[in-house]
Amino acid sequence: MAQAKISAKASEGAQQQQQQQSGGQLRGRFYRSTSMADRSSRLLENLDQLELRVEAFRDAASAMEQEKEILLEMIHNIQNSQDMRHISEGEREELNLTANRLMGRTLTVEVSVETIRNAQQQESLLHATKMIDEIVNKLLDDLEDAKIRLMSLYGACTSDVPAGPIDQKFQSVVIGCAIEDQKKIKRRLETLLRNLENSEKSITLLEHQKSSVRQSCNSKQD
């Protein structure tokens, strides 16, 4: 009988010990799992913050790209302005030297933001670029027609109500481009249209000056 009680207690003790060990293992696994989850959450949070910084970094670089384009365009416009044609040769030479120096310093800044594209987006970009280049190459043949065609391309890139017709084919091509490429295409068209407008103003002013000179000559003859 005593032996039976001893065996029962031993068995009960063994069962309690086994339960304690099992509970300890479960608690250990639970704590390890919680620790891993916390660690994973912190890492994910850090990556999320870094993603925001990466996008901000790319945006800043893109802004620098645009600033470089604007600076070069402004320098070019000054060099080819009507005011430059109505100053003395010495002053014009000095101003051109300054403009060339500024252009050279601007060109020393290299900023490049690569756009990630799939095969379809790459093909769409090439197609859109080709359509614009075809018009640019014929600018000197017919300035007015080129302006109308460029405006129809620009209308396909803007969400605003266009002033004229939209090139539906070009619009479908641009939609297939990457978002960043769409913005660059729109900026290029804006620059081309500005340059055309400045050219038209220069031509109009030049024609007006020629007309004034002819009228002056005729008045003197009379």
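Residues: numbered from 1 along the sequence shown. Scope of the values below: all heavy atoms of this structure, side chains included, with no hydrogens, waters or symmetry mates.
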Greater than 12 external heavy atoms within 6.0 Å of [X]'s [atom1]:
X    : atom1 : result
Q120 : CD    : no
E190 : CD    : yes
I116 : CD1   : no
Q49  : CD    : yes

[X] [atom1] to [Y] [atom2] distance, which is reported to the nearest 0.5 Å:
X    : Y    : atom1 : atom2 : value
D83  : E91  : CG    : CD    : 11.5 Å
C177 : K184 : SG    : NZ    : 11.5 Å
S62  : E67  : OG    : CD    : 13.5 Å
Y154 : D167 : OH    : CG    : 15.5 Å
K147 : N195 : NZ    : CG    : 12.0 Å
Q66  : K183 : CD    : NZ    : 8.5 Å

Over all heavy atoms of both residues, which pair between [X] and [Y] is shortest? Give the atoms and the distance, please.
X    : Y    : answer
R117 : L125 : NE-CD2, 3.4 Å
E180 : T115 : OE1-OG1, 2.9 Å
M151 : L193 : CG-CD2, 3.7 Å
V173 : A128 : CG1-N, 3.7 Å

Indicate every side-chain donor-acceptor pair of residues 131-140 with a distance under 3.5 Å to a residue at least two apart or in another chain.
| residue | atom | partner | partner atom | Å |
| --- | --- | --- | --- | --- |
| D133 | OD1 | R188 | NH1 | 3.2 |
| D133 | OD1 | R188 | NH2 | 2.6 |
| N137 | ND2 | D133 | O | 3.1 |

Residues forming a side chain to side chain donor-acceptor pair (under 3.5 Å) with E110, sequence neighbours excluded: none
side-chain contact (heavy atoms from CB on, under 4.5 Å) between L52 and F57: does it pass, once the steps are laid out? CA-CA 9 Å; L52 294 176; F57 172 65; over 6 Å; no
Residues E93, N96; criterion side-chain contact (heavy atoms from CB on, under 4.5 Å); working and verdict: CA-CA 5 Å; E93 182 178 353; N96 273 323; 5.8 Å; no
Examine distances only and state if a side-chain atom of T158 and a backbone atom of G155 form a donor-acceptor pair shorter than 3.5 Å. no
Mark yes or no for whether S152, through its side chain, and R149, through its backbone, hold a donor-acceptor pair below 3.5 Å. yes
Hey, does [Y] have a side-chain heavy atom less than 4.5 Å from the side chain of [X]?
X    : Y    : value
H127 : K169 : yes
I175 : F170 : no
M103 : L107 : yes
L189 : K186 : no

Give a yes or no on whether a salt bridge exists between R92 and E89, defined as a side-chain N under 4.0 angstrom from a carboxylate O. yes
For residues 68-78, which side-chain N or O atoms pair as donor and acceptor with protein atoms under 3.5 Å away, sequence neighbours left out?
| residue | atom | partner | partner atom | Å |
| --- | --- | --- | --- | --- |
| K68 | NZ | V109 | O | 2.7 |
| E73 | OE1 | R194 | NH2 | 2.8 |
| E73 | OE2 | R194 | NE | 3.1 |
| E73 | OE2 | R194 | NH2 | 3.4 |
| H76 | ND1 | N80 | ND2 | 3.3 |
| H76 | NE2 | N80 | ND2 | 3.4 |
| N77 | ND2 | E73 | O | 3.3 |

Criterion side-chain hydrogen bond (donor to acceptor under 3.5 Å, both in side chains) on E114 and S112, from CA distance to verdict: CA-CA 6 Å; E114 297 295 332; S112 178; 3.2 Å; yes
Stepwise side-chain contact (heavy atoms from CB on, under 4.5 Å) check, V174 with C157: CA-CA 7 Å; V174 172; C157 299; 4.2 Å; yes
Would L143 and L192 show up in the same hydrophobic cluster when neighbours are defined by side-chain heavy atoms closer than 4.5 Å? yes
Run the numbers on M36 and S40 for side-chain contact (heavy atoms from CB on, under 4.5 Å), then give the verdict. CA-CA 6 Å; M36 289 172 63; S40 177; over 6 Å; no
